[in-house]
There are 2 protein chains.
Amino acid sequence: MIEAHLAKLRFRHPVSDEEEQAIRAIVPPARHVARNTTVVHEGERLEASTLLLDGMMCRLKDLADGKRQITQIHVAGDFVDIHGFTLKRLEHEVMALTECKLSLVPHEEIRQLIERWPRLGRLYWFSTNLDASMNREWELSLGQRSAVERLAALLCEIHIRLGVVGKADGRFNLGMSQAQLADSLGMTAVHVNRTLRMLRDQRLLAYRRGEVEILDLEGLKAVAEFDDRYLYLNPDPL
Amino acid sequence: MIEAHLAKLRFRHPVSDEEEQAIRAIVPPARHVARNTTVVHEGERLEASTLLLDGMMCRLKDLADGKRQITQIHVAGDFVDIHGFTLKRLEHEVMALTECKLSLVPHEEIRQLIERWPRLGRLYWFSTNLDASMNREWELSLGQRSAVERLAALLCEIHIRLGVVGKADGRFNLGMSQAQLADSLGMTAVHVNRTLRMLRDQRLLAYRRGEVEILDLEGLKAVAEFDDRYLYLNPDPL
DNA sequence: CGTACCCTTGACCGTACTCAAACAGGGTGG
DNA sequence: CCACCCTGTTTGAGTACGGTCAAGGGTACG
């Protein structure tokens, strides 16, 4: 099940057989976590990072008054909190949106891996920089785009990212309630509902209890004025 | 003038004399750029990264309809586009907000530096992860905070970051017009103006043509419900 | 079969946007 | 030195997008 992770890496940069073996050697057996489980708590000391093998997860930040922002959504193949390798404690939570299969890779193993294989170090550095690029795109969305545009953009992004690891067939389980979508998009659950209905009325997508079906990807992209360059689908060699 | 950069690194992690010398050896002489100069264009191939020695810069993303989002502000000591070391092309611009002094460090030198000094590699990885943490905090602001809260939070952040490199004395030149502030905060220039007036009327700050004077830092922090944990001012050893 | 959570829709409200106009200040050229 | 301009700031009046409050309905699960 580490295949999704290798697929994500290889989609952007070549990975040699030796490098693949080195990676496989440090990934312990998978474990399962239930939907809505918090896997990493804010501020807790981390000695390992979470490789998401299957399912959907998210990072989220809480505010004192109960407001919360989901800052990123993760799909299979993502090293969900590899930034914890250097930060050691995170200022946000990591939570499972669906039932997930994951593997906890010890930081000490990562350190040895990248000292032995510096190019893999750059690849994982790249992957955190890619995450940051998505954060910047979400800033753009939250700051400048309207509710429909924001929602359409989010779904386009997830669809493409699932495609990279071979899991997009026009239909996927996002695992998010409309309230959670609202927390990602900086709007209320009520308005998410109305916005979803707009997209449904335009026959662009169907949404039912976390199950997303994309009916017209091009239409969705047009609504969002979606430009996938921020996903670095064709990066320069590293 | 590389002192601000070393101060930023050393504020969070120890840097040995050898490491310092290794860094100094790859930083070429400084050059000056004028206010509002675009230093890195979107999509252009990068062979070097920009070390900001003095002044203020920002990263910004443009939308087709002319809307734009400033995704990050940089202060002296920041390696403004070190993420370009792995991404090679950026999906955003980098622009000088004030007159700036900077140095362009070739990627090939960085690669050799971190292969020779793997711990410095982790320190620079940390610094991009810190940038990403600020992006997440801005997502939180843009998604969940009101206009006043957002503005207050931004100014608290800059003040603290200037303090880290020894440049905060309650007064600093942000170099941003109210329109640029608006592009950072996801609001209009008109509303930035009204919001600034609110904070001025409460005697929390003064703002005059890019010059910020913080009159009551604690008051500002209270308005923003500011929590500096996302700035990783006391990180665990690396 | 009850209960809890989520979704859905309606009516009303408020924060922030839009449009518009006046003003201030710094820089340039006549 | 002054006229002019350009950019940025300030304020007002009206508007709209999205929030708030509220109530009814669906669906899964114990």
Side-chain angles (χ1 to χ4, degrees), chain A residues 34-37 63 65-70 95 97-99 141-154 173-201 205-213 223-224, chain B residues 34-37 58 63 65-70 95-99 141-154 173-201 205-213 223-224:
Chain A
R35 184 158 187 270
N36 288 333
T37 309
L63 233 36
D65 58 1
K67 288 189 221 159
R68 46 174 46 191
Q69 177 69 33
I70 291 178
M95 195 184 79
L97 290 168
T98 62
E99 196 194 345
S141 273
L142 289 164
Q144 307 299 335
R145 291 201 244 249
S146 70
V148 222
E149 291 166 347
R150 234 144 60 206
L151 177 54
L154 179 86
N173 181 19
L174 185 53
M176 297 174 93
S177 69
Q178 294 184 8
Q180 286 172 321
L181 259 185
D183 289 338
S184 310
L185 297 168
M187 51 207 246
T188 58
V190 173
H191 204 242
V192 165
N193 185 281
R194 296 193 225 270
T195 309
L196 278 172
R197 190 155 70 88
M198 283 184 60
L199 294 178
R200 174 160 38 91
D201 290 348
L205 65 86
Y207 193 93
R208 206 183 104 75
R209 295 185 89 70
E211 281 286 338
V212 183
E213 185 175 5
V223 167
Chain B
R35 183 160 188 270
N36 288 333
T37 310
C58 72
L63 232 37
D65 57 2
K67 288 189 222 159
R68 45 174 46 192
Q69 177 68 32
I70 292 178
M95 196 185 79
L97 290 168
T98 63
E99 196 195 343
S141 274
L142 289 164
Q144 306 299 336
R145 293 202 244 248
S146 71
V148 222
E149 290 167 346
R150 234 143 61 205
L151 177 54
L154 180 86
N173 181 19
L174 184 53
M176 296 173 93
S177 68
Q178 293 183 11
Q180 287 172 322
L181 259 185
D183 289 337
S184 310
L185 297 167
M187 52 207 246
T188 58
V190 172
H191 203 241
V192 165
N193 185 282
R194 295 192 224 271
T195 309
L196 278 172
R197 190 154 70 89
M198 284 185 58
L199 294 177
R200 172 160 38 90
D201 290 348
L205 64 86
Y207 193 94
R208 206 183 104 78
R209 297 185 86 72
E211 280 285 337
V212 182
E213 186 175 4
V223 167

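Because only heavy atoms are used, hydrogens play no part in the values below, and waters and symmetry mates are left out as well, while side chains stay in. Lettering of chains follows the sequences in order, A, B, ..., and the numbering in each one begins at 1.
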Query raised in the report: Can you find a heavy atom in the side chain of M198(B) that is under 4.5 Å from one in the side chain of L151(B)?
Result: no
Query raised in the report: Is a side-chain N or O of E211(A) found less than 3.5 angstrom from the main chain of R208(A), in a donor-acceptor match?
Result: no
**Report entry** N/O donor-acceptor pair under 3.5 Å between R200(B) side chain and L205(B) backbone
**Finding:** no
Query raised in the report: CD of Q144(B) versus C1' of dT15(C): gap in Å, rounded?
Result: 15 Å
**Report entry** Rounded distance [0.5 Å steps], CZ in R194(B) versus CG in D201(B)
**Finding:** 13.0 Å
Report task. Give the rounded distance in Å between these two atoms: CD of Q180(B) and C1' of dT9(D). Result -> 14 Å
Report task. Look at N193(A) and dC7(C) and indicate whether a side-chain polar atom (N or O) is within less than 4.0 Å of OP1 or OP2. Result -> no
Requested in this report: Could you tell me the separation between the CG atom of L154(A) and the CD1 atom of I70(A), rounded to the nearest 0.5 Å?
Outcome: 9.5 Å
Query raised in the report: Does any N or O in the side chain of R145(A) come within less than 3.5 Å of the main-chain N or O of R150(A), such that one atom is a donor and the other an acceptor?
Result: no
Report task. Check the distance between dA16(C)'s P and L181(B)'s CG and give it to me in whole angstrom. Result -> 15 Å
Query raised in the report: Is the phosphate of dT9(C), meaning OP1 or OP2, less than 4.0 Å from a side-chain N or O of R197(A)?
Result: yes
Query raised in the report: What is the distance, rounded to the nearest whole Å, between atom CG of L97(B) and atom P of dT7(D)?
Result: 18 Å
Report task. Can you tell me the distance, in whole Å, between the CG atom of N36(B) and the C1' atom of dT7(D)? Result -> 11 Å
Could you give the side-chain donor-acceptor pairs of residues 179-191 of chain A under 3.5 Å, partners two or more places apart or in another chain?
unit_1	atom_1	unit_2	atom_2	d
Q180(A)	OE1	S177(A)	N	3.0
S184(A)	OG	Q180(A)	O	3.1
T188(A)	OG1	H191(A)	N	3.3

Query raised in the report: Quick one: R35(B) CZ to dG8(D) P, roughly how many Å, whole number?
Result: 7 Å
Query raised in the report: Axis-to-axis angle across the helix from dC1(C)-dG30(D) to dG30(C)-dC1(D), five pairs an end, to 10 degrees?
Result: 40°
Requested in this report: Using whole Å, report how far CE of M176(B) lies from P of dT9(D).
Outcome: 11 Å
Report task. Return the minimal non-hydrogen interatomic distance between N36(B) and M95(B), and the atom names on each side. Result -> OD1-CE, 3.8 Å
Query - Spacing between M198(A) atom CE and dT8(C) atom P, to the nearest angstrom - result: 15 Å
Query - Contact letters for nucleotides 14-30 of chain D, in which S counts primed atoms plus P, OP1 and OP2 and B counts the base, heavy atoms under 4.0 Å - result: ----BSBB------S--
Requested in this report: Using modelled atom types only, decide if a donor and an acceptor are shared between the side chain of R35(A) and the backbone of E99(A) within a distance under 3.5 Å.
Outcome: no
